[in-house]
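Below: the structure, in structure tokens.
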Amino acid sequence: METSNLMHITEHEFSQMRDLIYEKFGISLSDEKRSLLVGRLQKLLKDEGIVSFGEYYNMLRRGASVQAYSKLIDCVSTNHTYFNREKQHFEFFEQKAFPEVLKMLNTRGSKDLRLRC
């Protein structure tokens, strides 16, 4: 994304957003991630009719909904979708992880195993 098309974020606003994101989600953003943060959030702000990062921060701090925080984390996090897509992942699960889970279940005397895919 071309930086001239990015919304403006002040040092103070970036610091506030960075601290909030770390507090709520444990994601640490370095100073070098400033343009990344702007690039990922500016569409959300425009869609919500929010004109500045300061206004967005204040809205979040005033008791934003779970949905508002969900939108924030969706924008700032990078989702890895490669898990269990490679042959090695399935082999690891079959040879290492699954036997350990079975041992744990046997130790607890449980036969109930639920997997979420």
Side-chain angles (χ1 to χ4, degrees):
M1 181 175 288
E2 196 175 303
T3 55
S4 62
N5 293 331
L6 295 177
M7 290 176 67
H8 177 71
I9 188 170
T10 67
E11 279 295 326
H12 182 68
E13 290 169 336
F14 177 69
S15 180
Q16 287 179 315
M17 289 302 301
R18 177 176 51 196
D19 292 348
L20 175 73
I21 290 165
Y22 183 77
E23 174 190 320
K24 295 290 185 183
F25 310 114
I27 297 173
S28 181
L29 298 174
S30 65
D31 289 337
E32 291 78 26
K33 300 294 182 180
R34 184 177 177 151
S35 63
L36 176 93
L37 181 69
V38 172
R40 289 187 174 185
L41 288 179
Q42 70 180 359
K43 181 179 181 332
L44 172 64
L45 270 63
K46 286 179 182 178
D47 289 348
E48 299 287 330
I50 299 170
V51 297
S52 72
F53 287 94
E55 180 184 339
Y56 181 56
Y57 173 82
N58 290 331
M59 183 269 306
L60 290 169
R61 281 297 189 194
R62 281 192 308 263
S65 67
V66 171
Q67 183 182 11
Y69 278 109
S70 290
K71 287 179 181 180
L72 172 60
I73 190 63
D74 285 346
C75 288
V76 299
S77 64
T78 303
N79 298 313
H80 293 279
T81 60
Y82 59 85
F83 183 73
N84 278 341
R85 292 194 179 192
E86 302 292 330
K87 182 180 178 190
Q88 301 90 326
H89 298 140
F90 290 102
E91 289 172 349
F92 174 82
F93 185 77
E94 177 186 28
Q95 296 168 8
K96 300 278 186 185
F98 191 63
E100 289 297 317
V101 169
L102 289 178
K103 268 194 245 178
M104 183 181 68
L105 289 173
N106 287 333
T107 302
R108 293 181 180 176
S110 176
K111 294 184 187 224
D112 188 20
L113 175 63
R114 298 177 189 182
L115 298 176
R116 182 176 177 191
C117 299

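Taking the side chain as every heavy atom from C-beta outward, L41 and I9 never approach each other to under 4.5 Å. Taking 4.5 Å as the limit, every side-chain heavy atom of R34 sits out of range of all side-chain heavy atoms of R18. Looking at Y69 and L20, their side chains come closer than 4.5 Å, going by heavy atoms from C-beta outward. Counting heavy atoms from C-beta on, the side chains of Y56 and M17 come closer than 4.5 Å. Within the 4.5 Å cutoff, no side-chain heavy atoms of Y22 are placed close to those of D19. By the 4.5 Å heavy-atom criterion applied to side chains, L44 and D74 are not counted as neighbours. Side chains of F14 and D31 form a contact here, defined as non-hydrogen atoms less than 4.5 Å apart. Side-chain contact between E48 and K71 is present, with heavy atoms from C-beta onward closer than 4.5 Å.
For the residue pair S30 and E32, a side-chain donor N or O sits within less than 3.5 Å of a side-chain acceptor on the partner.
Counting only distance, with no hydrogens or angles, the side chain of T107 and the backbone of K103 share a donor-acceptor pair below 3.5 Å.
For Q67, the CD atom counts as loosely surrounded, since its 6.0 Å shell holds 12 or fewer non-hydrogen atoms of other residues, nucleotides or ligands.
Not counting sequence neighbours, E55 has no partner by the salt bridge (charged side-chain N to carboxylate O under 4.0 Å, His left out) test. Under the side chain to side chain donor-acceptor pair (under 3.5 Å) criterion, E23 pairs with R61, sequence neighbours left out.
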